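Input: a single structure, listed below in structure tokens.
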Amino acid sequence: MQFEKSKKSMQEARQVLVGGVNSPVRAFRNLNVPAPFIKRGEGAYLYDEDNNRYLDYVLSWGPLLLGHLDSDVVEAMKKQLSLGITFGAPTALETELALLVREFFPVMEKIRFVSSGTEAIMSAIRVARGFTSRNLIVKFDGCYHGHADSLLVKAGSGMLTHAHPDSAGVSEATASSTLVAEFNNLDSVRNLFLARKGEIACVLLEPVTGNMGVIAPEPGFLEGLRTLCDEHNSLLIFDEVMTGFRVTMGGACELYGVKPDMVCLGKIIGGGMPVGAYGGKKEIMSLVSPEGPVYQAGTLSGNPLGMACGLATLQKIRKMNPYGNICDFVTNLKDGLGELLKKKGIEYTINSVGGMFTLFFTKGPVRSKSSVDLHDKELFQKFFEGMLQEGIYLPCSQYEAVFVSVKHTSLELEMTLTAAKKVLQAI
Ligand SMILES: *Cc1c(COP(=O)(O)O)cnc(C)c1O
């Protein structure tokens with residue numbers, strides 16, 4: 001595969017954009033293949049500047065459950081474009097999208113739209129602090145919730161201590177109000193509640209993780225968190241930015257039947273436009289301005305173009321109900337890849353939930369961050385680079401989830417397995 005134009009574009013980009021990109025993972029740092037510069041997408045495929053075609057398993061890191069350029073979504077956006085892009089005033093579209101979201105996330109009795117997942121989470125935390133008049137938040141090692149200061153932290157030594165900054169520019173003071181627990185380990189959360197009685201505002205998690213690769217909650221984990229939060233009058237917040245409309249229409253809430261106090265959404269909710277949302281019980285959300293004292297605002301929040309795109313996306317998904325097909329695709333991919341890896345004698349674990357999965361190059365089981373860390377980095381890199389050369393565009397890190405769209409059919413499955421066979425043979 002030739003990457004001449006992409007290489008040149010990256011050189012030019014680096015002159016003016018930090019690292020040549022606007023989000024770090026796109027830079028393909030520490031990889032032996034250049035980052036393809038994308039010219040267009042169609043259905044399940046991406047085309048780069050060198051006219052290479054890729055089968056897309058990244059899907060803009062989640063939003064494109066319908067694949068690229070779904071005709072109904074494009075139509076809806078065109079229609080809105082003829083009316084205006086943004087008004088900074090209320091539109092009926094916002095109510096329409098909110099009602100549709102609430103249909104699938106009934107815990108979101110009241111909703112506020114924002115422009116990114118990051119913004120949804122940081123706002124929800126502010127509300128949780130306002131509601132409980134407490135300061136501390138609990139997150140889980142390996143869960144990602146966007147780049148708000150208080151969440152760019154890593155666990156201190158021993159889970160009972162407070163967190164340390166995991167990014168330059170985050171103050172110790174900010175990091176110290178975040179506590180870090182271990183995913184799928186209820187005791188680690190219970191201990192934090194015991195050590196910091198009456199201080200914890202909320203427990204925040206990806207109910208199914210995607211940002212350390214896919215890890216499902218073990219039976220009883222989410223239920224246990226619900227009970228602990230109830231016992232200690234803390235709020236339980238599900239970050240469903242990735243899982244919402246992805247693992248099933250109503251996200252992990254629906255899949256596991258556990259009711260958080262608040263839910264944060266992003267990615268698919270905007271269908272590819274920058275839209276996020278947070279919401280929860282009425283008595284909690286009534287704290288948000290202008291109804292209450294917790295301030296939160298946004299110039300482009302709920303803008304009509306984003307709302308139109310999200311609305312068309314969710315309406316189409318509701319009509320199609322594609323989750324059965326997508327699950328079947330993932331199951332077949334899992335089985336097919338598993339067979340190839342076994343034949344080759346490679347140790348692996350594949351975790352999947354609905355339309356997201358991760359192939360971990362480690363024996364497993366993979367049930368928390370520490371088990372992901374054990375993966376074979378060299379093997380991951382070789383597999384990733386080989387697949388890219390074969391035209392299969394996978395996420396470039398072991399700590400990510402692979403996504404499948406409604407445009408991924410048996411043809412794409414065959415294509416992927418054929419490529420994987422070739423790549424594994426060469427390893
Ligand atoms: C992507 C993601 C975010 C951040 O969303 P942005 O729109 O990138 O700010 C937050 N939480 C989870 C679980 C995510 O996957």
Side-chain angles (χ1 to χ4, degrees), residues 21-27 57-65 101 105 108 112-126 128 137-153 166-167 178 180 183 202-217 222 236-247 251-253 255-256 260 262-279 296 298 300-303 306 309-310 313 351 353-358 368-369 372 395-404:
V21 293
N22 286 299
S23 197
V25 73
R26 300 176 196 167
Y57 280 107
V58 178
L59 298 170
S60 194
W61 303 94
L64 302 179
L65 185 73
V101 168
F105 287 89
M108 299 173 84
R112 169 66 56 85
F113 288 114
V114 291
S115 297
S116 70
T118 297
E119 215 187 329
I121 307 284
M122 62 185 236
S123 309
I125 289 173
R126 187 178 306 138
I137 61 181
V138 173
K139 82 175 281 281
F140 292 84
D141 191 21
C143 282
Y144 175 72
H145 304 289
H147 63 84
D149 281 19
S150 60
L151 298 168
L152 291 181
V153 299
D166 198 21
S167 159
T178 303
V180 182
F183 197 77
C202 62
V203 173
L204 166 70
L205 80 160
E206 295 178 72
V208 175
T209 79
N211 289 291
M212 53 174 147
V214 174
I215 301 177
L222 298 178
L236 180 61
I237 305 179
F238 279 5
D239 175 351
E240 298 232 39
V241 169
M242 190 182 285
T243 51
F245 313 105
R246 166 60 62 185
V247 296
C253 292
L255 200 59
Y256 298 102
M262 299 183 79
V263 173
C264 298
L265 296 168
K267 299 193 169 123
I268 294 175
I269 196 180
M273 288 292 286
V275 179
Y278 65 101
Q296 192 271 309
L300 296 176
S301 294
N303 74 79
C309 186
T313 301
N351 286 352
V353 178
M356 54 196 268
F357 83 97
T358 302
S368 68
K369 174 79 167 15
V372 184
C396 57
S397 155
Q398 179 73 97
Y399 297 85
E400 298 287 354
V402 169
F403 297 116
V404 171

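Because the structure is a prediction, the values reported are computed rather than measured. Just so you know, these numbers use all the heavy atoms, side chains as well, and skip hydrogens, waters and symmetry mates. For ligands, and for the atoms within them, numbers begin at 1 and follow the listed sequence.
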Residue by residue, ordered by chain and number, which ones reach under 4.0 Å of ligand 1 with a heavy atom?
S116, G117, T118, Y144, H145, G146, E206, N211, D239, V241, M242, K267

How would you list, by chain and number, every residue that makes a ring-ring contact (aromatic ring centres under 6.0 Å, His included) with F238, sequence neighbours excluded?
none

Minimal non-hydrogen separation, V214 against A401, with atom names
CG2-CB, 3.7 Å

Any chance you could measure L65, atom CG, to M356, atom CE, to the nearest 0.5 Å?
12.0 Å

On a heavy-atom basis, the closest approach of S368 and F183 is CB-O, 3.6 Å

Can you name the residues that form a side chain to side chain donor-acceptor pair (under 3.5 Å) with Y399, not counting sequence neighbours?
D373

Scan residues 112-126 for pairs that pass side-chain hydrogen bond (donor to acceptor under 3.5 Å, both in side chains), counting only residues two or more places apart or in two chains.
R112-Q296

